[in-house]
Protein chains: 2
Amino acid sequence: MTYNDKKQFYLAVDCVIFGYEDYKLKLLLQPRPIEPSKGEWALMGGFCGDAETLENAANRVLEKTTGLTNIYMKQVQAFSQVNRDPGGRVISVAFFALINIRNYDDDLLKQYGAQWFSIEEIPNLIFDHAEIVENAMQQLRRTAKIQPIGFELLPENFTITQLRNLYEAIYQCTLEPANFRRKIMSMKLLDRLPFKDKNSSRKGAYLYSFNQEKYENLSAQGFSFDISHAQM
Amino acid sequence: MTYNDKKQFYLAVDCVIFGYEDYKLKLLLQPRPIEPSKGEWALMGGFCGDAETLENAANRVLEKTTGLTNIYMKQVQAFSQVNRDPGGRVISVAFFALINIRNYDDDLLKQYGAQWFSIEEIPNLIFDHAEIVENAMQQLRRTAKIQPIGFELLPENFTITQLRNLYEAIYQCTLEPANFRRKIMSMKLLDRLPFKDKNSSRKGAYLYSFNQEKYENLSAQGFSFDISHAQM
DNA sequence: CCAAAAGTGTTCACGCTACACCCATGC
DNA sequence: GCATGGGTGTAGCGTGAACACTTTTGG
């Protein structure tokens with residue numbers, strides 16, 4: 001090996017898994033399964049394996065702990081404070097993931113003792129996980145303004161009001177319903193379905209689905225998703 | 001050690017060093033000093049040491065190869081393709097750095113055989129360095145719109161025209177001089193100095209300097225730097 | 001008929017664009 | 001005085017904010 005004289009490091013991935021429910025942005029946490037700090041609240045994580053990339057490792061962790069594949073996932077950054085993990089010199093690369101909380105396998109929740117926490121009520125976390133969460137949160141907020149990733153947190157079909165509530169949860173703000181609707185509609189990325197959701201009003205609200213194909217076509221033509229000018 | 005059964009990895013940092021000169025955004029490259037691929041064009045890099053963070057390592061590399069400290073630097077992301085480095089399983093964490101090309105020590109340039117390349121004329125790079133550069137470039141473009149980092153690439157004192165030319169180089173576009181000037185001025189982040197630069201016009205253009213303190217004060221009050229609506 | 005949420009219309013103000021125009025100065 | 005880049009003025013347009021208004025339907 002060429003680099004024999006160089007130091008080697010343990011490499012971990014930590015997943016900041018976001019979900020949305022009850023008008024709240026939530027975070028999936030589990031009691032840490034191994035020493036040190038066993039039992040304390042932690043992000044879902046694991047070590048990177050020999051033959052896998054960090055992205056592979058993060059997907060493996062996500063699938064194992066949520067039962068879901070094809071999850072939206074993005075690297076946040078590497079965390080490398082020398083003493084961040086009392087168990088050894090471990091560099092952690094964080095990812096944030098967005099999942100539709102309804103698809104989440106409740107059995108796995110029990111199996112790992114995992115729980116969803118509202119982002120306003122996050123318990124004490126091990127190591128530097130609070131910093132990681134804070135960082136992931138910022139990246140989510142930054143990204144959601146300029147890429148259509150909010151849809152990842154909603155069911156396949158949703159109403160405009162649900163979408164607005166989601167953005168209100170992400171940005172902790174209130175948005176003018178009329179203006180939000182027009183802003184989203186003007187992008188022409190949603191397909192209106194022939195059904196209405198009557199759960200929240202007598203009149204009923206049309207359901208929409210995000211059309212990925214339209215988005216890609218428009219993007220190829222120079223279009224950019226952008227809701228950053230909607231009072232956030 | 002708690003994690004004895006886990007695999008360990010070599011950890012490198014690679015620095016994408018941007019500079020600005022002759023109306024062009026430039027990148028500092030050096031011939032790779034070690035095997036494999038010795039002598040081919042590569043990013044400035046190095047291995048992470050035992051007692052340092054990745055940020056420490058990147059700063060060490062930057063200081064060694066540019067002679068400069070207190071450089072603006074930001075993590076891009078980790079690159080972990082299994083075969084990205086034929087010399088071994090090396091995970092690389094990339095950083096992008098912005099330096100004032102005038103402060104750069106030309107002796108070091110000779111010492112390392114380093115060269116500045118216009119970002120439009122980047123030679124073939126080793127490993128996945130082209131991908132790293134592409135990624136860093138995107139992050140620079142994204143960041144420069146919403147944070148006042150352009151100034152890092154200019155001398156302490158600069159004219160509004162110079163600043164505009166810089167943004168034109170970053171975004172490969174042309175900007176209306178009158179409108180750009182007003183946009184920047186409206187943020188009230190620049191101090192006008194009592195001198196003029198007469199290099200580029202008979203009338204002379206006032207020199208300005210970026211006032212970091214004002215920026216921090218305004219930021220604390222909810223102000224956000226944003227030039228994203230200046231035809232970019 | 002009424003309440004309540006969905007959805008539409010309309011006004012206002014601000015900010016970006018485009019371009020005309022003045023300013024200062026070295027030759 | 002004129003060419004050149006610095007710098008200002010300004011009209012027009014587009015878009016977001018605010019809020020009034022209409023629509024639909026279960027009780």
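Hydrogens, waters and symmetry mates play no part in the numbers below; they use all other heavy atoms, side chains included. Sequence lines set the chain letters: A, B, ... in the order given, protein chains first and strands last, and positions in each chain run from 1.
The residue among B/A178 and A/R182 whose nearest nucleotide of DNA chain C lies closer to the 5′ end is A/R182.
Relative to the side chain of B/S200, the nucleotides D/dG5, D/dA18, C/dA6 differ in distance, and D/dG5 lies closest. In the set D/dC19, C/dG7, D/dG26, D/dG26 carries the atom at the smallest distance from any side-chain atom of A/R202. Closest to the side chain of B/A205, from the set D/dG6, C/dT25, D/dA17, is D/dG6. Closest to the side chain of B/K183, from the set D/dT25, C/dT17, C/dC16, is C/dC16. With distances taken from any side-chain atom of B/E176 to the nucleotides C/dG7, C/dC19, D/dA3, the minimum falls on C/dC19. Of the candidates D/dT4, D/dG7, D/dG5, D/dG5 carries the atom nearest the B/S201 side chain, counting heavy atoms from C-beta on.
When the P atom of C/dG26 is taken as reference, atom NZ of B/K203 falls 13 Å away, rounded to whole Å. In this entry the distance linking CG of B/D197 with P of C/dT25 reads 14 Å, nearest Å. The CG-P distance, from A/N199 to D/dT24, rounds to 20 Å in whole Å. One atom, CE of B/M185, and another, C1' of D/dG9, lie 16 Å apart when rounded to the nearest Å.
Interatomic distance, CD of A/Q162 versus CG of A/L207, reported as 7.0 Å (0.5 Å rounding). Note that the CD atom of A/E134 and the CD1 atom of A/I132 stand 12.0 Å from one another [nearest 0.5 Å]. In this structure, A/L54 CG and A/F95 CZ are separated by 5.0 Å, a value rounded to the nearest 0.5 Å.
Without hydrogens or angle criteria, B/D197 side chain to B/N199 main chain gives a donor-acceptor distance under 3.5 Å. Side chain of B/H129 to backbone of B/A42: no donor-acceptor contact under 3.5 angstrom is found.
For the residue pair B/D226/B/S224, the side-chain donor-acceptor check at 3.5 Å is not satisfied.
The local environment of CD in A/Q81 is sparse, with at most 12 non-hydrogen atoms from other residues, nucleotides or ligands closer than 6.0 Å.
Listed in residue order, the members of residues 155-171 of chain B having a heavy atom less than 4.0 Å from DNA chain C come to none.
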